[in-house]
Amino acid sequence: MNAELIEDTEALNHIEELPSDRVADLVEYLVVNIVDDPAGVTLEVVDDEQSSTIEITVSDTDTAKVIGRHGRTIQAIRTLARALAARLGISVDIEVLG
């Protein structure tokens with residue numbers, strides 16, 4: 001292998017994953033398995049000093065599935081995300097942008 005490639009690979013292995021990224025991975029897993037168009041799912045993590053916000057964007061036809069009847073599905077996703085965040089010592093909020 002090329003020496004530069006080895007150094008780049010080692011540098012990538014040393015990048016620390018933020019706790020909010022672990023929560024975002026959980027949220028992405030849940031949302032992708034709910035929607036009809038998994039390719040249309042994007043997540044953006046906005047980290048603040050006090051907390052993090054995970055913004056979920058899905059296709060228009062899948063928005064209702066993510067929110068669920070009376071908001072029950074998104075509330076369940078928020079509950080799971082907050083439980084993991086609490087274990088990691090952070091605070092998160094989840095927003096569905098549509």
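Just so it is clear, the values below take in all heavy atoms, side chains as well, and ignore hydrogens, waters and symmetry mates.
Taking CD of Glu28 as the start and CG of Leu43 as the end, the distance is 5.5 Å to the nearest 0.5 Å. Taking CD from Gln50 and CD1 from Ile90, the interatomic distance works out to 12.5 Å, rounded to the nearest 0.5 Å. Between Asp62 atom CG and Thr57 atom OG1 the span is 12.0 Å, to the nearest 0.5 Å. For the atom pair CG (Leu88) and CG (Asp21), the distance works out to 11.0 Å, reported to the nearest 0.5 Å. Interatomic distance, Glu55 CD to Thr42 OG1, rounded to the nearest 0.5 Å: 9.5 Å. Ile54 contributes atom CD1, which lies 4.0 Å from atom CD1 of Ile94 (distance to the nearest 0.5 angstrom).
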Begin from the C-alpha positions of Ile56 and Glu95 and carry the test side-chain contact (heavy atoms from CB on, under 4.5 Å) through to its verdict.
-> CA-CA 6 Å; Ile56 306 168; Glu95 293 183 12; over 6 Å; no

Between Asp37 and Thr61, does a side-chain contact (heavy atoms from CB on, under 4.5 Å) hold up when you go through it step by step?
-> CA-CA 9 Å; Asp37 180 19; Thr61 57; 5.7 Å; no

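Side-chain atoms of Thr53 and Asp93 include no donor-acceptor pair closer than 3.5 Å.
In terms of hydrophobic clustering, with Ile, Leu, Val, Met, Phe, Trp and Tyr side chains grouped at heavy-atom distances under 4.5 Å, Tyr29 and Val92 are assigned to a common cluster.
Not a single donor-acceptor pair under 3.5 Å links the side chain of Ser52 to the backbone N or O of Asp48.
Annotation for Val32 and Pro38: closest pair CG1-CB, 3.7 Å, computed over non-hydrogen atoms. Smallest separation of non-hydrogen atoms from Gln75 and Arg82: NE2-NH1, 4.3 Å. A pairwise comparison of heavy atoms in Leu84 and Arg22 identifies CD2-O, 3.9 Å as the closest pair. When every heavy atom of Ala24 is checked against every heavy atom of Val45, the shortest pair comes out as CB-CG2, 3.6 Å. Looking at every heavy atom in both residues, Leu80 comes nearest to Leu26 through O-CD2, 3.9 Å.
The side-chain heavy atoms of Ile74 and Val96, taken from C-beta on, include a pair separated by under 4.5 Å. Side-chain contact between Val27 and Ile77: present, with at least one pair of heavy atoms (C-beta onward) separated by less than 4.5 Å. Asp47 has its side chain within reach of Leu18: a pair of non-hydrogen atoms, C-beta onward, lies under 4.5 Å apart.
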